[in-house]
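Chain naming here is simple, since letters A, B, ... match the order of the sequence lines and numbering starts at 1 in each. Excluded from the calculations below are hydrogen atoms, water molecules and symmetry mates; all remaining heavy atoms, backbone and side chain alike, are included.
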2 protein chains.
Amino acid sequence: MATIDSVPASAGRLRVAVPSVAERVARELRRQLAEGTLIPGARLTESTIAEDLGVSRNTVREAFAELASERLVVRHPNRGVFVASLGAEDIHDVYTVRRFIEVSAMRGGGSPEDVAAVRAAVEEGKRAAAAGDDEAGGTANQHFHGAIVAMARSPRLNTIMAQVLAEMRLFFHKATADALFYQRYLPDNEAICEALEAGEPDRAADLLLAYLDRSEDNLAAVHGE
Amino acid sequence: MATIDSVPASAGRLRVAVPSVAERVARELRRQLAEGTLIPGARLTESTIAEDLGVSRNTVREAFAELASERLVVRHPNRGVFVASLGAEDIHDVYTVRRFIEVSAMRGGGSPEDVAAVRAAVEEGKRAAAAGDDEAGGTANQHFHGAIVAMARSPRLNTIMAQVLAEMRLFFHKATADALFYQRYLPDNEAICEALEAGEPDRAADLLLAYLDRSEDNLAAVHGE
DNA sequence: ATCGAAGGATTGTTGAACAATCCGTAGATT
DNA sequence: AATCTACGGATTGTTCAACAATCCTTCGAT
């Protein structure tokens, strides 16, 4: 089931870098992780996945190495890899990273184009809310915070942030059960964005910090039940 | 030559986690990278390394995946992996990350034990300078900055910082040619540490920020020649 | 000198094999 | 009955060998 042989028709034709098989496997697993098909704590058996995706065990192994480096899965030596299951400490830790990076990025401000990208993410969130699409709402929220970090124009910070956001999706699925989860933060995003647009990045940073604290409490509460 | 069969005599005896072969290969390569045996831009041929270390090509591959995720090596598809060669943009980017993380960590302050660890790193640097040991000086400097981030008590930030510091070693070997490179910053470290001990983390953070800016300029200059 | 076609080398991927390790179960011991 | 031990099955860790795909170089043709 669900092979990954979806190579664009132009494969090999143009110099469009064709991702390696291992990379495609990692991508597929990442997708299932984000989508919630694979739930935290679930075991990933090498042979099973290799068969399902029609690839070799060694290739699956390489994909696992990549996902493990992103903390999306955990390796238990000689026992297998499991979908990362995050505890209360992990939630706090992830938010610590976010506070460090996002708030610093916000204080640095951004170019008009960068600010426009933040604004675009806010509007994207509004549209998703209007359409009642929770999945899109979550994505928009990630775009919002990604855009904030992107203002720093640092490739390394961007990848760090991308990984953190991917990690967050793991425990978000439980939270998303509450359909109002994201809509709740739309006013915050709007206010933060307005402060940024008004040329007051420090105020925006303070608002963002408050938002992160509240978001952490909220998520911890949902998680605790 | 230089195999990695140095398994502790107690292997299998106690429950001391024996690192996998792939992990040991990665460690050995990391060591050679930090030591300067492998210079930036150098190509790492799978078969050669496999033979040298007496392991399988697949295992080398897994080690490569790990090092690539740490940005210590770069994969050029179908061409091989090369020791990461960092340009001016990379230097700036790495320092951007350091400014974000280290300065934020500093402003948060730390427990007495955490501060003591920072102090210990400063003294370690002084001893290295007195002994004229550049290598030890570099290590002490890394301990200093690692201890600063450790104050945040965030596992994720610690690993991020560890990776960034490992990355820095790559272009430091060129800089270390100037034997005074590290000694130059000893007074800074001392001043920063004193401010921290005096309960003035914000002042310490400002000093640290100035230090990072100066350090970046310095490294960029050395790199430019 | 430019271009294109072999040739060799290296990577990407597969498949199979085997040792090492873990886990659950069934028996033996107290 | 509870604990311990030994056994067996299953899965991972690692190796090996093979092959296709791709790149780089060299050589030759235009």
Side-chain angles (χ1 to χ4, degrees), chain A residues 3-29 38 41-69 72-84, chain B residues 3-29 38 41-69 72-84:
Chain A
T3 64
I4 53 171
D5 298 335
S6 54
V7 178
S10 63
R13 219 92 202 88
L14 236 43
R15 197 84 320 178
V16 220
V18 174
S20 75
V21 177
E23 179 54 37
R24 268 179 291 162
V25 171
R27 233 173 257 192
E28 169 64 15
L29 291 176
L38 296 172
R43 178 174 187 180
L44 301 179
T45 308
E46 294 182 355
S47 49
T48 305
I49 294 183
E51 286 177 24
D52 282 2
L53 300 180
V55 301
S56 161
R57 236 186 85 205
N58 277 328
T59 303
V60 173
R61 224 140 201 295
E62 280 202 38
F64 280 173
E66 193 168 333
L67 297 178
S69 83
L72 295 181
V73 303
V74 186
R75 273 198 126 107
H76 289 244
N78 286 316
R79 308 208 0 185
V81 317
F82 301 79
V83 178
Chain B
T3 63
I4 54 171
D5 299 334
S6 54
V7 178
S10 62
R13 219 89 203 92
L14 235 45
R15 197 87 319 181
V16 215
V18 175
S20 76
V21 177
E23 179 54 38
R24 269 179 289 162
V25 171
R27 232 174 258 193
E28 169 65 15
L29 291 176
L38 296 172
R43 178 174 186 178
L44 300 180
T45 309
E46 295 182 356
S47 49
T48 306
I49 294 184
E51 286 177 23
D52 282 2
L53 300 181
V55 300
S56 161
R57 236 186 83 203
N58 276 329
T59 302
V60 173
R61 225 141 200 295
E62 280 202 37
F64 280 173
E66 192 167 333
L67 296 177
S69 83
L72 295 181
V73 303
V74 185
R75 271 197 129 107
H76 289 245
N78 286 315
R79 307 206 3 184
V81 316
F82 301 80
V83 178

Which listed nucleotide ([options]) is nearest to the side chain of [X]?
| X | options | result |
| --- | --- | --- |
| B/Val55 | D/dT15, C/dT10, C/dG12 | D/dT15 |
| A/Ser20 | C/dG12, D/dT12, C/dT10 | C/dG12 |
| B/Thr45 | C/dT10, D/dT15, C/dT13 | C/dT10 |

To the nearest Å, give me how far apart [atom1] ([X]) and [atom2] ([N]) are.
| X | N | atom1 | atom2 | result |
| --- | --- | --- | --- | --- |
| B/Glu62 | D/dC16 | CD | P | 15 Å |
| A/Leu53 | C/dT14 | CG | C1' | 15 Å |
| A/His76 | D/dA10 | NE2 | P | 23 Å |
| B/Asn58 | C/dT14 | CG | C1' | 10 Å |
| B/Arg75 | C/dT10 | CZ | P | 16 Å |
| A/Asn78 | C/dT21 | CG | P | 7 Å |
| B/Arg43 | C/dT10 | CZ | P | 7 Å |
| A/Leu44 | D/dA10 | CG | P | 20 Å |

| field | Exercise: identify the closest heavy-atom pair between A/Phe64 and A/Val73 | value | O-CG2, 4.0 Å
| remark: Taken to the nearest 0.5 Å, the spacing of B/Glu46 CD from B/Thr59 OG1 works out to 11.0 Å
| How long is the gap from CD1 on B/Ile49 to CZ on B/Arg61, to the nearest 0.5 Å? | 12.5 Å
For a quick test of reading the model: is some side-chain N or O of [X] closer than 4.0 Å to OP1 or OP2 of [N]?
| X | N | result |
| --- | --- | --- |
| A/Ser47 | D/dT11 | no |
| B/Thr59 | D/dG13 | no |
| B/Arg61 | C/dG12 | yes |

| request: Name the residue closer to the 5' end of DNA chain C, choosing between A/Arg57 and B/Glu46 according to the nucleotide with the nearest heavy atom. | output: B/Glu46
| request: Give a yes or no answer on whether the side chain of A/Arg43 reaches the backbone of A/Arg79 with a donor-acceptor pair at less than 3.5 Å. | output: yes
| said: B/Glu23 vs B/Arg27, test: salt bridge (charged side-chain N to carboxylate O under 4.0 Å, His left out). Steps then yes/no. | reply: CA-CA 6 Å; B/Glu23 179 54 38; B/Arg27 232 174 258 193; 3.7 Å; yes
